[in-house]
Asker: 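Here it is, the structure, as structure tokens.
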Amino acid sequence: MDDTGPSASPGRASSEAGLRIGQLSRRVGVSPDVLRAWERRYGVLRPQRSRSGQRLYTSSDETRVRQMLGHIERGYSPAVAARLAAREGPASAATAPAADVAPTADLSALAAELRTALLGLDEARAEDVIDRLLASYALDTVLREAILPFLHDLGDLWSRGAITVGQEHFATAVITGRLHALARGWDAGVGPRAVVACPSHERHDLGLLCFALALRNRGWRVWYLGADTPAAAIDGVATQLEADLVVVSAVRAEPLVDAATDLAEIAGRRRMCLGGRGASPALAARIGAQALPEDPIAAADLVSAARNA
Amino acid sequence: MDDTGPSASPGRASSEAGLRIGQLSRRVGVSPDVLRAWERRYGVLRPQRSRSGQRLYTSSDETRVRQMLGHIERGYSPAVAARLAAREGPASAATAPAADVAPTADLSALAAELRTALLGLDEARAEDVIDRLLASYALDTVLREAILPFLHDLGDLWSRGAITVGQEHFATAVITGRLHALARGWDAGVGPRAVVACPSHERHDLGLLCFALALRNRGWRVWYLGADTPAAAIDGVATQLEADLVVVSAVRAEPLVDAATDLAEIAGRRRMCLGGRGASPALAARIGAQALPEDPIAAADLVSAARNA
Amino acid sequence: MDDTGPSASPGRASSEAGLRIGQLSRRVGVSPDVLRAWERRYGVLRPQRSRSGQRLYTSSDETRVRQMLGHIERGYSPAVAARLAAREGPASAATAPAADVAPTADLSALAAELRTALLGLDEARAEDVIDRLLASYALDTVLREAILPFLHDLGDLWSRGAITVGQEHFATAVITGRLHALARGWDAGVGPRAVVACPSHERHDLGLLCFALALRNRGWRVWYLGADTPAAAIDGVATQLEADLVVVSAVRAEPLVDAATDLAEIAGRRRMCLGGRGASPALAARIGAQALPEDPIAAADLVSAARNA
DNA sequence: ATAGGTTTTGTCAAGCTTTTGTACAT
DNA sequence: ATGTACAAAAGCTTGACAAAACCTAT
């Protein structure tokens, strides 16, 4: 097994913490006392705690310590080494020699870093990059320039067999979690109501999630039903809410085709849009819905503009 | 998911169940006592029972134990190892006991940490805490439970001389920056239009900023003019946009009183609300506006609900 | 920020600081006592100081010492060798930063679009333009070529009555928000510490914000106190942090004049610079501070360069 | 170069709690 | 088989300490 130990599987990502101080100490060759002192004095490490107060370190804490050791060996005092390590962030210093971390890294650099982090199963770093992206750029931009291109890539890589299913799952899980977090409180307020879902047998809902975020960002109230939702369920929610809009999206055409009859029935009573690569204008026409562009942001613009017009 | 046993398919489980504790113990090299303790303490194993109550383990229990041993060997404590093994196993979701880690982000703990960080002039840590808050809680919650109480405290501490003006300025600057960042893209979309400002001579606009965020979160499009805005300016923007609502907020009453005549003039043509501690119902009535509760979130609720009603 | 690599700009050097005297001594083979003596007598080295006063050398200090050693070996007296080394030093850092690469969007067109968007109260578009600016150009460039000129224009237009106060407030609010967001992580790293504020009764802090960003970009750690900060507050924070530098900036002269006595008191204990249009060399001299050019970027260059001189 | 004072940083101890394997009584 | 008890191991916090490294000043 590799030296990152327990971090290989996707679901574990956010709760990977588990190393206790003694073990970390043995791994990096720094006494527990020193580890605690470093935490207290420089705040380099901020391990999770168990309910009883025991420190639980992640493997990124381990690399952090190693970075510090590297700096110390190079002659820096522990205090300085700590600041340097802190500034390097969760990312590994080994690969980025002396590159100063810019306060405002540029968009494509951040996008690239996100990709590296996610394919490298480094969740902490991925979260950090997403934080920096969102801090520096508007949500639409982050989605359009970083998240969506990455998802696109991911599909490519996967279909070429260039990455493992585990990597794909991991990346998907991290992004999903993050986008969902952004989407809290979707249904509050005054905007028009949209019900948003993938049809039965369509399990890829990340594009839909981006679309939903963009739509929310344009003032809509969104009820997000997610992947694999039967047409009847969509209809039920839409009816209960008296939704102004129903959006159904799929990557492949089949799920939409299969649900076409039921969807047409809904479209007869309510504004409906079809999104995703699986939605052709022809199919939309047959169902009585509006076809949306493949790009989720553009789709949100279109939906939103149509209403204003 | 089923609750009858540890493996995914019930049928197979029962057909395989048969290992008794002594046998399993010898196979995996873990004493029966320990196996029982693990079951009791971590719930890793849930063997079937024979008629007489004896434990009957399946082969998947065996792999489960081996996984645990592997994790322990890699340095994890038995408690953590159990959690990890539970995650991996086929029956993960159903049987996994609550993880033993302290909740990553306890709201009040995070709020306290935010306070410590800001008063200690530690920006990086403050940002980190805010990140964690936003990652775990809805914006409304973060504002209501962490940001606003802190701002309140800040006023208190300052008036009691418990903190320096410098600390107050610093904290204000950090929070302002952060909230503004959250507010990007305020005017996009389809919602009703609100113009939001403090009157001339009112320079505290943080409460207003929270209100604006909450309002945006409820689907409104917001134009934020900020502190110290003359009534004429407010009117100009409101007219240019054909705003549906104008909100004016002040901590003290004077700025509102001073601007009362001009504001009344605007209120004659447009829905207007007065917010902040400086806004009394009496004053609002005189101006022809609606008084809002002091709490920005409640105010946003009210504004938003009134429109829906 | 530039993209020329880690060692090109003078400010960058200071962010690398961290070597303590013992380590430097071992590296170059000169005793700590001698290093201190050279510093005192010839001023060849001007290391940063840690909070407790420890000297923190950069790697360029190391080459400086080596140059001196070379000259001494060639027979010059230490005094002469020091002068020679001093003359050589700065020259080595003379590699000019490269221009921005391959602009994806035309700078002046984007600047114009920004202006249109902001004056038209179109926030979403403004944010998008800023995103594109930041994605294509270095921060310094964006500030110098787009943001600052626009702010300048804004003042002009306003004074000519060509725009309403509302437009001005709106534009200011958007830009403020954006710049604050870029400023995350201001206090990270190991660079020298700067406290940055406008004096009491000065409420325009946008120029200061640009300056602070530029300074941060040159490796300084910045504590931003913002507008309208009493001298006592500035002093308090500077003391708490043992800041290496205090910068006070105002658009008009009065606020600075009013605070002159208190500021002079601070300047007696700490390096201080005065910035903004309100800062005249005469006033600076009276206070015992250094006057900075009006242009925030140039000011940051000066502050940062002076340190290595 | 020396002297005298301060800061930094790794270590250690005391006192207490939690974890966990093992033992024992029912 | 179950539940309780127990003790060793490992942690936690607080506080203190001493060697090393620095600082200033003479």
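Proteins come first, then strands; the chains are lettered A, B, ... in the order of their sequence lines, and each starts at number 1.
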Asker: Taking the side chain as every heavy atom from C-beta outward, state whether Val80(C) and His71(C) have any atom pair closer than 4.5 Å.
Answerer: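 A side-chain contact under 4.5 Å is absent here.
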
Asker: May I have the distance from Ile21(C) (atom CD1) to dC23(E) (atom C1'), rounded to whole angstrom?
Answerer: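 From Ile21(C) CD1 to dC23(E) C1': 9 Å.
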
Asker: What are the atom names and distances for every N/O pair under 3.5 Å that joins the protein to nucleotides 14-18 of chain D?
Answerer:
unit_1  : atom_1 : unit_2   : atom_2 : d
dT18(D) : O3'    : Ser52(A) : OG     : 2.9

Asker: Is a side-chain donor or acceptor of Gln167(B) paired with a backbone partner of Thr164(B) at a separation under 3.5 angstrom?
Answerer: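 Checked: pair present.
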
Asker: For Ile72(B) and for Ala79(A), locate the closest nucleotide of DNA chain D by heavy-atom distance; then report the residue assigned to the nucleotide nearer the 5' terminus.
Answerer: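 First, find each residue's nearest nucleotide; the 5'-ward one identifies Ala79(A).
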
Asker: Which nucleotide in the list dG21(D), dG11(E), dC22(E) gets nearest to the side chain of Pro78(B)?
Answerer: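 My answer, after comparing the listed nucleotides, is dG21(D).
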
Asker: Return no unless some side-chain N or O of Trp38(A) is found under 4.0 Å from OP1 or OP2 of dG10(D).
Answerer: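 Affirmative; the distance criterion is met.
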
Asker: Specify the residue among Arg26(C) and Gln23(A) whose closest nucleotide of DNA chain E lies further upstream toward the 5′ end.
Answerer: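 Closer to the 5' end of DNA chain E: Gln23(A).
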
Asker: Nearest-Å distance, CD (Gln48(A)) to P (dC12(E))?
Answerer: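 Going from Gln48(A) (CD) to dC12(E) (P), I get 14 Å.
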
Asker: Check the surroundings of atom CZ in Arg193(C): do more than 12 heavy atoms from other residues, nucleotides or ligands lie under 6.0 Å from it?
Answerer: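 Yes, enclosed.
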
Asker: Specify the separation, in whole Å, of atom CE of Met68(A) and atom C1' of dT8(D).
Answerer: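 One finds 12 Å between C1' of dT8(D) and CE of Met68(A), rounded.
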
Asker: Hey, does the side chain of Ser77(A) come within less than 4.0 Å of dT8(D)'s phosphate (OP1/OP2), counting only N and O?
Answerer: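 No, outside the criterion.
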
Asker: Do the side chains of Glu39(A) and Arg49(A) get close enough for a salt bridge, i.e. N-O under 4.0 angstrom?
Answerer: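 Yes.
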
Asker: Would you confirm whether Trp223(C), through its side chain, and Leu121(B), through its main-chain N or O, come within 3.5 Å as a donor-acceptor pair?
Answerer: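 Side chain of Trp223(C) to backbone of Leu121(B), a donor-acceptor pair under 3.5 Å: yes, one is there.
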
Asker: When you compare the side chain of Arg271(C) with that of Asp244(C), does any pair of heavy atoms fall below 4.5 Å?
Answerer: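 Result no, sub-4.5 Å side-chain heavy-atom pair not found.
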
Asker: Using atom CG of Leu56(B) as one end and atom C1' of dA1(E) as the other, report the distance to the nearest whole Å.
Answerer: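 After rounding, the reported distance stands at 13 Å.
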
Asker: CG/Asp61(C) to CZ/Arg46(C) distance, rounded to the nearest 0.5 angstrom?
Answerer: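 Answer rounded to 0.5 Å: 11.0 Å.
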
Asker: In whole angstroms, how far is the P atom of dT20(D) from the CG atom of Leu35(B)?
Answerer: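 Leu35(B) atom CG is separated from dT20(D) atom P by 15 Å.
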
Asker: Between N or O atoms, less than 3.5 Å apart, protein on one side and nucleotides 24-26 of chain E on the other: list the pairs.
Answerer:
unit_1  : atom_1 : unit_2   : atom_2 : d
dT24(E) : OP1    : Arg49(C) : NH1    : 3.3
dT24(E) : OP2    : Arg55(C) : NH1    : 3.2
dT24(E) : OP2    : Arg55(C) : NH2    : 3.0

Asker: Tell me if the CZ atom of Arg20(B) is crowded by more than 12 foreign heavy atoms within 6.0 Å.
Answerer: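 Check fails, neighbour count at 12 or below.
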
Asker: State the CZ-CH2 distance between Arg64(B) and Trp38(B), to the nearest 0.5 angstrom.
Answerer: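 The CZ atom of Arg64(B) sits 12.5 Å away from the CH2 atom of Trp38(B).
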
Asker: Between Asp128(B) and Arg125(B), does any NZ, NE, NH1 or NH2 come within less than 4.0 Å of an OD or OE carboxylate oxygen?
Answerer: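 Judged by the 4.0 Å cut-off on N to carboxylate O distance, Arg125(B) and Asp128(B) do not form a salt bridge.
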
Asker: What does the inter-axis angle of the helix from dA1(D)-dT26(E) to dT26(D)-dA1(E) come out as, five pairs per end, nearest 10 degrees?
Answerer: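 So the angle between the two local helix axes works out to 20°.
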
Asker: Do Ser59(A) and Leu19(A) have side chains that get closer than 4.5 Å, going by heavy atoms?
Answerer: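 Heavy-atom side-chain distance check fails, nothing below 4.5 Å.
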
Asker: Using OP1 and OP2 only, check whether a side-chain N or O of Tyr42(B) sits under 4.0 Å from dT20(D).
Answerer: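 True: Tyr42(B) side-chain N/O within range (under 4.0 Å) of dT20(D) OP1/OP2.
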
Asker: Whole Å only: how far is the CD atom of Glu39(A) from the C1' atom of dG11(E)?
Answerer: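 One finds 13 Å between C1' of dG11(E) and CD of Glu39(A), rounded.
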
Asker: Determine, step by step, whether Arg74(A) and Gln23(C) satisfy the side-chain contact (heavy atoms from CB on, under 4.5 Å) criterion, reporting the C-alpha distance in whole Å, the side-chain angles of both residues, the deciding distance to 0.1 Å, and the verdict.
Answerer: CA-CA 9 Å; Arg74(A) 242 165 284 131; Gln23(C) 188 64 21; over 6 Å; no

Asker: Can you identify which nucleotide, out of dT11(D), dT20(D), dT9(D), has its nearest atom closest to the Arg41(B) side chain?
Answerer: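 From the listed options, dT20(D) comes nearest.
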
